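Predicted model only: the values in this text are computed from it and were never measured.
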Amino acid sequence: MTPEQILTDAVREAAVAMGAPADFQPQLERPRDPSFGDWASNAAMLLARHLRRKPLEIAQDLVSRLDVARAGVSEAYVAGAGFINFRLAAGAEAHGLTAVLAAGPSYGRTTDGGGQVVNIEFVSANPTGPLHVGHGRQAALGDAIATLLSSTGWTVTREFYYNDAGVQIANLARSVQARVRELTTGSGEIPEGGYHGEYIREIARDYVAAHPADAAGDDLAGIQQFAVAALRVEQDKDLQAFGVKFDVYYLESSLYTDGKVDEAVRLLVEQGRTFEQDGALWLRTTDYGDDKDRVMRKSDGTYTYFVPDVAYHLAKWRRGFTRAVDVQGADHHSTVTRVRAGLQALGVGIPAGYPEYVLHQMVTVMRAGEEVKISKRAGSYVTVRDLVDEVGRDAVRYFLLMRKSDSQLVFDVDVARAQSEENPVYYIQMAHARVSGIFRVGEIDVAGITGAGVEWSALAEPDERELVKAILGYPGLIAAAARTLAPHLVASYLLDTARLVHTWYHKCHVLGEPEPVHSARLALARAAQVVLANGLGILGISAPERM
RNA sequence: GCGCGAGUAGCUCAGCUGGAUAGAGCGUCGGCCUCCGGAGCCGAAGGUCGUGGGUUCGAAUCCCGCCUCGCGCACCA
């Protein structure tokens, strides 16, 4: 048992003896300020109302009844409004590092998910242009969430949903067609709602080169097929540059060719959740919390966008994914309610919260002190590849992950580049490289560091005890990040821990120290290296041994 | 107008299911290289947590009103 568990039991026993409910579950917490001890309990405050006594009195009573010597407690005292602070003997917790050393790369991994399947859908860009920085945020988020879940026992599928059907694709085709005609006849105008980017011209040039017979650009279907294929190749390159790999690419167009869209509509009609009005087919989404009913099939006979979305998620459900997470921009927020409504209305047992959504706020790109307007149609935006080329994959990933997805994100390209040496990601990687340097210089094989025979009480400096606490808190942090689908928690944990590592490194020498300090610090250095490498791995960032 | 998100140090942002004197990075100012990497470390300055109420032993955190900003409110996706 860890000191935390022993202390928790001891506090509960004492509390119950004083009249607390038998199921009372005190929770220990790490005090913010190390001067408040290693662990603290607010049990007295929680019990104040039930026992009808002052927290301070209860706390004192509790302390007098506590049998804490067995947890290695050197001191237990009441402080503040009624906190009970515990100070542990040196080494009482550091012993836990043996588990870190034994686990190595798998430290922090759990089986919480029990091997259940989960589908993570992210990026899912229309193949109408290269991936921009907003997609980059999705790619970083989705990939990190997928890694978080797979490392906590879930069987993860990374999925990219291609919206390769519908109006936007038609616009794309007509835009390319216009550029083809511009090339061959000298005149061609981008249609209303079309795309103006320079890459459209490039695609047109490639098309003409590959299809000399259609110099007039009359084969619109052929152009569309060519353009979509070309852009999918481009997006794959973007993703490759970013280091993101998908297990499944799912094509929206297949939903139509397979009849899945028609089937979904038929099911909805059969369930009596639809009605006809003004020449359109509507879904009663208000039955599921929407503020108004939504059109499914327009009066021109085509479907609105959320119908294939419903069909897609139905297919996902039937593929066995009882859990699904969609990572999307917050500008798609309005789809959440109606897609979920449609899925419930199918009557196939899909629960109300399916799929789960991680919505992220917009990314604003700053360059030369000015906001770069992101508009595919106007052809002005920063691509993922631009960013990766300029500031590096690791830095881009960290920057896009360091803030919670709910927060808007300002990505100043110039700052990211100019301050790259002061970058948080370098700070973290440097911490890893430094401890790695200890082993390199000392010519020590980390595989031989098991903690066996180490006198943990030799880790007596306050700075190293803080580092020990941070390392032991890693599994809990990963579990929390996975549970809340929040990779930014890992990002800030790494920054905090890197700071502790740098401080410790500066103060506590390892090589050349006498025993038992040498062995104990070597073990601590290895444990720190493990945690930094594992955490960076979750975020898809490299952990270099030298820089 | 309605919905969602955000408002915390000069700037960019953390702050877990309410806890003790609200934190970090960058920036500013001042120190530290005979020592495993100075891409680092130590210290200082800097805050009415948008605002007004409420809940209670205790609120940046939970509830309500208001203000500001962003996004979304189509038979576009």
Could you tell me whether A/Leu489 contacts a base, only the sugar-phosphate backbone, or nothing, with contacts defined as non-hydrogen atoms closer than 4.0 Å? sugar-phosphate
Which residue in the set A/Tyr161, A/Tyr162, A/Phe160 passes side chain to side chain contact (heavy atoms under 4.5 Å, CB included) when paired with A/Val123? A/Phe160
Roughly how far apart, to the nearest Å, are B/A20 and B/A60 at atom C1'? 15 Å
A/Glu29 side-chain proximity, nearest of B/G5, B/G19, B/A6: B/G19
Would you check if A/His502 stacks with the base of B/C41, given a 5.5 Å centroid limit and a 30° plane limit, both strict? no
Checking all strands, does A/Asn42 fall into the base, sugar-phosphate, or nothing category for heavy-atom contacts under 4.0 angstrom? base
Syn if the chi torsion is within 90° of 0, anti otherwise; quick check, which is B/C67? anti
Quick one: are the ring centres of A/Tyr427 and A/His502 less than 6.0 Å apart? yes
For A/Tyr505, which contact category applies under a 4.0 Å heavy-atom criterion: base, sugar-phosphate, or nothing? base
Expressed in whole Å, how much space separates the P atoms belonging to B/G70 and B/U8? 15 Å
Could you state the atom-to-atom distance from NZ of A/Lys507 to C1' of B/G40 in whole Å? 14 Å
Atom NE2 of A/His333 and atom P of B/A6: how far apart are they, to the nearest Å? 12 Å
When you measure from the side-chain N and O atoms of A/Arg546 to the phosphate of B/A39, is any distance below 4.0 Å, counting only OP1 and OP2? no
Do A/Glu466 and A/Lys469 meet the salt-bridge criterion of a basic N to acidic O distance under 4.0 Å? yes
When you check the gap from the basic side-chain N to the acidic O, do A/Asp61 and A/Arg53 get nearer than 4.0 Å? yes
Sticking with atom P, work out how far B/U17 lies from B/C62, rounded to a whole angstrom. 8 Å
For B/U21 versus B/G3, give the span between their P atoms, rounded off to a whole number of Å. 37 Å
Distance between C1' atoms of B/C33 and B/G38 (Å, rounded): 6 Å
Go through the steps to decide whether A/Tyr474 and A/Tyr493 satisfy the test ring pair (Phe, Tyr, Trp, His ring centres under 6.0 Å), and finish with yes or no. CA-CA 8 Å; A/Tyr474 178 76; A/Tyr493 170 87; 5.6 Å; yes
Do side-chain atoms of A/Gln235 reach the backbone of A/Asn126 as a donor and acceptor pair under 3.5 angstrom? yes
A/Met430 CE to B/G38 P: how many Å, rounded? 7 Å
Report yes if a side-chain nitrogen or oxygen of A/Ser334 is closer than 4.0 Å to either non-bridging phosphate oxygen (OP1 or OP2) of B/C2; otherwise report no. no
Describe the nucleic acid contact of A/Ala280 in one word from base, sugar-phosphate, nothing, applying a heavy-atom distance below 4.0 Å. base
Among B/U21, B/G40, B/G19, which is the nearest nucleotide to the side chain of A/Asp33? B/U21
Nearest to the side chain of A/Pro31, which nucleotide is it out of B/C75, B/A6, B/A20? B/A20
Quickly work out the A/Lys292 NZ to B/C2 C1' distance and round it to whole Å. 11 Å
Is there side-chain contact between A/Val325 and A/Tyr357, with heavy atoms separated by less than 4.5 Å? no
Taking NZ from A/Lys54 and P from B/U56, how many angstroms apart are they, rounded to a whole number? 19 Å
Regarding B/C75, can its base be found pairing with the side chain of A/Ser299 as donor and acceptor, where the two atoms are less than 3.5 Å apart? yes
Can a donor-acceptor pair be found, under 3.5 Å and without considering hydrogens, that links the side chain of A/His518 to the backbone of A/Glu515? no
Applying a 4.0 Å non-hydrogen cut-off, can you work out what A/Gly437 is touching in the nucleic acid: base, sugar-phosphate, or nothing? sugar-phosphate
Mind checking A/Asp300 for me? I need base, sugar-phosphate or nothing, with any heavy atom below 4.0 Å counting as a touch. nothing
So what does A/Arg499 touch, heavy atoms closer than 4.0 Å: a base, only the sugar-phosphate, or nothing? sugar-phosphate
Centroid under 5.5 Å and tilt under 30°, A/Tyr427 to B/G25: no
Could you identify the nucleotide paired to B/G40, looking across every strand shown and requiring Watson-Crick or G-U wobble geometry with both distances under 3.5 Å? B/C32
Using atom P of each nucleotide, how far apart are B/G15 and B/G52 to the nearest Å? 24 Å
Across the strands shown, which category fits A/Val441 at heavy-atom distances under 4.0 angstrom: base, sugar-phosphate, nothing? sugar-phosphate
Against the side chain of A/His506, the closest entry in B/A20, B/C41, B/G5 is B/C41
Is the distance from OP1 or OP2 of B/C13 to the nearest side-chain N or O of A/Arg403 less than 4.0 Å? yes
Euclidean distance, atom OH of residue A/Tyr305 to atom P of B/A74 [Å, nearest integer]: 10 Å
Return the value, rounded to whole Å, for the distance between atom CZ of A/Arg32 and atom C1' of B/G15. 6 Å
B/C16 C1' sits how many Å from A/Leu28 CG, rounded? 16 Å
Applying the 3.5 Å cut-off to both distances, the Watson-Crick or G-U partner of B/G23 turns out to be B/C13
A/Lys404 side chain: which of B/G15, B/C42, B/G5 is closest? B/G15
Paired with B/G58: which nucleotide, if any, by Watson-Crick or G-U wobble criteria at under 3.5 Å for both distances? none
Between B/U56 and B/G18, how far apart are the two P atoms, rounded to whole Å? 15 Å
Nearest to the side chain of A/Val167, heavy atoms from C-beta on, is which of B/C71, B/C75, B/A77? B/A77
Where each residue is assigned the nucleotide of RNA chain B containing its nearest heavy atom, which of A/Asp496 and A/Ala433 is assigned the position nearer the 5′ end? A/Asp496
Touch class at under 4.0 angstrom, heavy-atom based, for A/Asn85 against every strand present: base
Picking from B/A77, B/A14, B/G19, which would you name as closest to the side chain of A/Ala81? B/G19
Mind checking if A/Ala486 touches a base, just sugar-phosphate, or nothing, with heavy atoms under 4.0 Å? nothing
